[in-house]
S.K.: 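I am attaching a structure below and will ask some questions about it afterwards.
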Amino acid sequence: LASPGVEAVFTAADVSGDIKVGIIYKDWPVFIGVGERTSYAGDVLAIVVAQNRRQARQAAKKIKVEYKVHRPIVEAVAAIDDPEIAVAGTTSNVLSRSEYTRGDVDAMLASSAHVINETFKTQRIEHAFLEPESTLAVPDSNKGTMHVYSGGQGVWDDRDQICALLNVPIDKVTVELVSNGGAFGGKEDMSNQAHASLAAWLLQVPVKCTLSREESFLMHAKRHPIDMSYKIGCDSEGKLLALHVRAIGDSGAYASVGMKVLERMAGHASGPYQVPNIDVEAIAVRTNNPVCGAFRGFGANQAQFAMEGVLDRLAEKVGIDGWTIRRRNVIMPGMVWGPGQIMDDGCLGASKCLDAIKPAYDEARSLGKAV
């Protein structure tokens, strides 16, 4: 507080309203209070408000924190049965389960001419948008209102959560989306909007907060790393008969939209193909790793990595090329797709795509190129 330029230091004790935010579950603390437990490296303990950014950062370094170190839970598969809870305030390390089944998968796998059984692992991925998260909060003391300029992806969610934090009616805060240097899902969750708004509201002066790249890496949600075990069978011609999928996604500490990402992974587990017998389970798991949430593709990308991988391996066993096995199984109007939807003309893009690339595919193969 005595450092040059410092106006204030705020902690959990300064929050009069809801201290937790979240798009689906309100489980992500804006601050971790004294005596409470942190859950991942991006948790915020305090904010320093100063005349300029350099002064604020210099003063923040002077804050001393005493920790009692707990065993971190960092392996998603092991976390499911771990007796320890990764995140304080929760009762299970399982965030969600998404599952569905149709037909007799075991019987059809047993009668398949060819079966592939493989495990695929995808990695946690950083959005790396050009512009780190930035918020400017401008209070109007005459009107008792505040205008917040946000680089986030959901101004209504931002408004509702800021008002809940400040314990004020929702008509007291207006949030305006400012064009920013990318997001790709990584700015759906609140980051520094709450902190800048709290400081501006309490001080009744405009407050701006722009995360450093390091802070951004630590705080915002990433793409889910998912372990996916695929067992798939086809007949002698390469027609798919059955698919069995078990997937476990590391959702990190807080919910974000992790349950929906794993739900989408489950829904897209069979890719743009028809599989008459299917059994899928996808689990989102809480750990002490970085939070995972929205990222372009939203879980479908990970599923395609696995599904396309097993198709290539099946094609090799059948003795046909990768294009042929895909064309024989691509979903068409009137067919029942993965989770049970009956497809309409909207699915024709998949077959049109395959037909469009056929000449280039054949030419590349004839030249011995990798495809």
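Side chains are part of it too, since the values below use all heavy atoms of this structure and drop only hydrogens, waters and symmetry mates.
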S.K.: Taking all non-hydrogen atoms of both residues into account, name the closest pair between Y25 and A255 and its distance.
M.R.: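 Between these two residues, the closest heavy atoms are CD1-CB, 3.7 Å.
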S.K.: Give, for atom SG of C209 and atom CG of L198, the distance between the pair rounded to the nearest 0.5 Å.
M.R.: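 Atom-to-atom, C209:SG and L198:CG are 11.5 Å apart.
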S.K.: Near K358 NZ, under 6.0 Å, is it more than 12 heavy atoms from other residues, nucleotides or ligands?
M.R.: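 More than 12 heavy atoms, drawn from other residues, nucleotides or ligands, come within 6.0 Å of this atom.
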S.K.: Can you confirm whether P333 sits close enough to C347 that some side-chain heavy atom of one is under 4.5 Å from a side-chain heavy atom of the other?
M.R.: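 Sidechains of C347 and P333: in contact.
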S.K.: Could you tell me whether the side chain of V168 reaches within less than 4.5 Å of the side chain of W201, counting heavy atoms only?
M.R.: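 A side-chain contact exists here, since the closest heavy-atom pair is under 4.5 Å.
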S.K.: Distance only, no hydrogens: is a donor on one side chain within 3.5 Å (strictly under) of an acceptor on the other, for S150 and Q193?
M.R.: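 On atom types as modelled, these side chains qualify, holding a pair under 3.5 Å.
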S.K.: What distance do I80 atom CD1 and I283 atom CD1 have between them, rounded to the nearest 0.5 Å?
M.R.: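 It is 4.0 Å, given to the nearest 0.5 Å.
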S.K.: Hydrophobic cluster membership, with links at side-chain heavy-atom distances under 4.5 Å among I/L/V/M/F/W/Y: are V94 and M259 in one?
M.R.: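 Different clusters.
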S.K.: Please answer whether the main-chain N or O of A128 pairs with a side-chain N or O of E126 as donor and acceptor at a distance below 3.5 Å.
M.R.: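 Present.
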S.K.: Using only atom types and a distance under 3.5 Å, with no angle test, would you say the side chain of D18 pairs donor to acceptor with the backbone of L165?
M.R.: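 Side chain of D18 to backbone of L165, a donor-acceptor pair under 3.5 Å: no, none is there.
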S.K.: Got a donor-acceptor contact below 3.5 angstrom from the N329 side chain to the G238 backbone?
M.R.: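 Side chain of N329 to backbone of G238, a donor-acceptor pair under 3.5 Å: yes, one is there.
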S.K.: What's the shortest heavy-atom distance between L109 and I232, and which atoms?
M.R.: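 The answer is CD2-C, 3.8 Å.
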S.K.: If we check side chain to side chain contact (heavy atoms under 4.5 Å, CB included) with L241, which of these qualifies: V275, D235, V105?
M.R.: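 In the set V275, D235, V105, the residue that makes a side chain to side chain contact (heavy atoms under 4.5 Å, CB included) with L241 is D235.
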S.K.: In the structure I gave you, are the side-chain heavy atoms of Y40 and V87 within less than 4.5 Å of one another anywhere?
M.R.: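 A side-chain contact is absent here, since even the closest heavy-atom pair is not under 4.5 Å.
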S.K.: Flag yes if F217 and Y254 sit in one hydrophobic cluster, no otherwise; membership is Ile, Leu, Val, Met, Phe, Trp, Tyr, and two members link when side-chain heavy atoms are under 4.5 Å apart.
M.R.: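 They do not share one cluster, since no chain of ILVMFWY contacts under 4.5 Å joins F217 to Y254.
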S.K.: Can you check whether S212 reaches R53 side chain to side chain, under 4.5 Å on heavy atoms?
M.R.: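 Contact flag for S212/R53 side chains = yes.
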S.K.: Work out which heavy atom in D321 is nearest to a heavy atom in A315; give both atom names and the distance.
M.R.: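 In terms of heavy atoms, the two residues are closest at O-CB, 3.9 Å.
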S.K.: At their closest point, which heavy atom of H224 faces which heavy atom of V261, and how far apart are they?
M.R.: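 Of all heavy-atom pairs spanning H224 and V261, the closest is ND1-CG1, 3.5 Å.
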S.K.: Starting at CG of N288, measure out to CD of E75 and round the result to the nearest 0.5 Å.
M.R.: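 It is 12.0 Å, given to the nearest 0.5 Å.
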S.K.: Heavy-atom count check: over 12 atoms from other residues, nucleotides or ligands less than 6.0 Å from L367 CG?
M.R.: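 It does: L367 CG has more than 12 such atoms within range.
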S.K.: Flag yes if M190 and V155 sit in one hydrophobic cluster, no otherwise; membership is Ile, Leu, Val, Met, Phe, Trp, Tyr, and two members link when side-chain heavy atoms are under 4.5 Å apart.
M.R.: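 In one cluster: yes.
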S.K.: Please check if the side chain of E308 supplies one atom and the backbone of Q304 the other of a donor-acceptor pair under 3.5 Å.
M.R.: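 No, E308 side chain to Q304 backbone: no donor-acceptor pair under 3.5 Å.
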S.K.: For the backbone of G258 and the side chain of S256, can you confirm whether one donor and one acceptor N or O come within less than 3.5 Å of each other?
M.R.: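 Looks like no, no N/O pair under 3.5 Å.
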S.K.: For R326 and D312, run salt bridge (Lys or Arg N to Asp or Glu O under 4.0 Å): C-alpha distance rounded to whole Å, both residues' side-chain angles, the deciding distance at 0.1 Å, then the answer.
M.R.: CA-CA 9 Å; R326 287 167 173 81; D312 282 337; 3.0 Å; yes
S.K.: Looking at side-chain heavy atoms only, is the closest gap between Q341 and I331 below 4.5 Å?
M.R.: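 No, side chains not in contact.
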S.K.: Between D27 and K20, is there a side-chain N and carboxylate O pair less than 4.0 Å apart?
M.R.: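 Not counted as a salt bridge, because no side-chain N and carboxylate O are separated by less than 4.0 Å.
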S.K.: T135 vs N192, test: side-chain hydrogen bond (donor to acceptor under 3.5 Å, both in side chains). Steps then yes/no.
M.R.: CA-CA 7 Å; T135 302; N192 59 7; 2.7 Å; yes
S.K.: Working note: K231 + V115, criterion side-chain contact (heavy atoms from CB on, under 4.5 Å); need CA distance, chi angles, decisive distance, verdict.
M.R.: CA-CA 7 Å; K231 190 172 185 180; V115 176; 4.0 Å; yes
S.K.: Nearest 0.5 Å please: distance from the CE atom of M228 over to the CD atom of Q302.
M.R.: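 Here the rounded value is 6.5 Å.
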S.K.: In terms of hydrophobic clustering (I, L, V, M, F, W, Y; side-chain heavy atoms under 4.5 Å; direct or indirect links), are M265 and V257 co-clustered?
M.R.: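 Yes, one cluster joins them.
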S.K.: Kindly determine whether V173 and S197 satisfy side-chain contact (heavy atoms from CB on, under 4.5 Å), including the steps that lead there.
M.R.: CA-CA 10 Å; V173 175; S197 298; 6.0 Å; no
S.K.: Grab the two heavy atoms, one from W337 and one from S270, that are nearest each other, plus how far apart they are.
M.R.: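 Nearest heavy atoms, W337 then S270: NE1-OG, 4.1 Å.
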S.K.: Please report the C-alpha distance between V148 and D158 in whole Å, then the side-chain angles of each, then the deciding distance to 0.1 Å, and finally whether the side-chain contact (heavy atoms from CB on, under 4.5 Å) criterion is met.
M.R.: CA-CA 9 Å; V148 179; D158 287 359; over 6 Å; no
S.K.: Report the residue from L45, D43, V44 that forms a side chain to side chain contact (heavy atoms under 4.5 Å, CB included) with F31.
M.R.: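 Exactly one candidate clears the test, V44.
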S.K.: With distance as the sole test, does Y273 use its side chain to make a donor-acceptor pair with the main-chain N or O of R328 at under 3.5 Å?
M.R.: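 No: the side chain of Y273 does not pair with the backbone of R328.
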S.K.: Is any side-chain heavy atom of D140 closer than 4.5 Å to one of H147?
M.R.: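 When only atoms from C-beta onward are counted, D140 and H147 do not touch, as no gap falls below 4.5 Å.
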S.K.: To the nearest 0.5 Å, tell me how far W323 CH2 sits from Y361 OH.
M.R.: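 Reported to 0.5 Å precision, the distance equals 9.5 Å.
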S.K.: Could you verify whether a donor N or O on one side chain and an acceptor N or O on the other, from E133 and H220, lie under 3.5 Å apart?
M.R.: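 Checked: E133/H220 side chains pair up, N/O donor to acceptor below 3.5 Å.
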S.K.: Answer yes or no: is there a donor N or O on one side and an acceptor on the other, between the side chain of Q161 and the main chain of G22, under 3.5 Å?
M.R.: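 Flag set: sc Q161 to bb G22 pair under 3.5 Å.
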S.K.: Using the test ring pair (Phe, Tyr, Trp, His ring centres under 6.0 Å), find all partners of F295 that sit at least two apart in sequence or belong to another chain.
M.R.: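 F295: ring pair (Phe, Tyr, Trp, His ring centres under 6.0 Å) contacts with H127.
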S.K.: Is the shortest side-chain heavy-atom distance between Q274 and L240 below 4.5 Å?
M.R.: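 No, every pair of side-chain atoms sits at 4.5 Å or beyond.
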S.K.: Do Y230 side-chain atoms and V310 backbone N/O form a donor-acceptor pair below 3.5 Å?
M.R.: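 Side chain of Y230 to backbone of V310, a donor-acceptor pair under 3.5 Å: no, none is there.
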S.K.: Testing the basics here: between G151 and L177, what is the closest heavy-atom pair and its distance to 0.1 Å?
M.R.: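 Looking at all heavy atoms of both residues, the closest pair is C-CD1, 4.3 Å.
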S.K.: Are I248 and L243 co-members of a hydrophobic cluster defined by side-chain heavy atoms under 4.5 Å apart?
M.R.: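 Looking at the clustering, I248 is in a separate group from L243.
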S.K.: Under the 3.5 angstrom rule, does the side chain of S351 hit a backbone N or O of L348 as a donor-acceptor pair?
M.R.: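 Yes.
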S.K.: Quick one: CD on E7 to CD on Q55, what's the gap to the nearest 0.5 Å?
M.R.: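 One gets 9.0 Å once the value is rounded to the nearest 0.5 Å.
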S.K.: Can you find a heavy atom in the side chain of T90 that is under 4.5 Å from one in the side chain of L95?
M.R.: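 SC-SC contact between T90 and L95 ruled out.
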S.K.: Please evaluate residues R327 and D355 with respect to the criterion side-chain contact (heavy atoms from CB on, under 4.5 Å), reporting the C-alpha separation (whole Å), side-chain torsions for both, the decisive distance (0.1 Å), and the verdict.
M.R.: CA-CA 8 Å; R327 194 62 180 83; D355 293 341; 2.8 Å; yes
S.K.: Look at the side chain of Q153 and the backbone N and O of E188, then say whether any donor-acceptor pair between them is shorter than 3.5 Å.
M.R.: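 Confirmed, Q153 side chain pairs with E188 backbone.
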S.K.: Any salt bridge between R246 and D227, counting N to O under 4.0 Å?
M.R.: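 Between D227 and R246 there is no salt bridge, as every charged N stays at least 4.0 Å from the carboxylate O atoms.
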S.K.: State whether the number of non-hydrogen atoms from other residues, nucleotides or ligands found under 6.0 Å of R57 atom CZ is greater than 12.
M.R.: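 Yes - once you tally the heavy atoms of other residues, nucleotides and ligands closer than 6.0 Å, there are more than 12.
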S.K.: With a 6.0 Å cut-off (strictly less than), is the heavy-atom count around NZ of K208, excluding the residue itself, greater than 12?
M.R.: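 It does not: K208 NZ has 12 such atoms or fewer within range.
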S.K.: Between R313 and E316, does any NZ, NE, NH1 or NH2 come within less than 4.0 Å of an OD or OE carboxylate oxygen?
M.R.: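 No, E316 and R313 are not salt-bridged.
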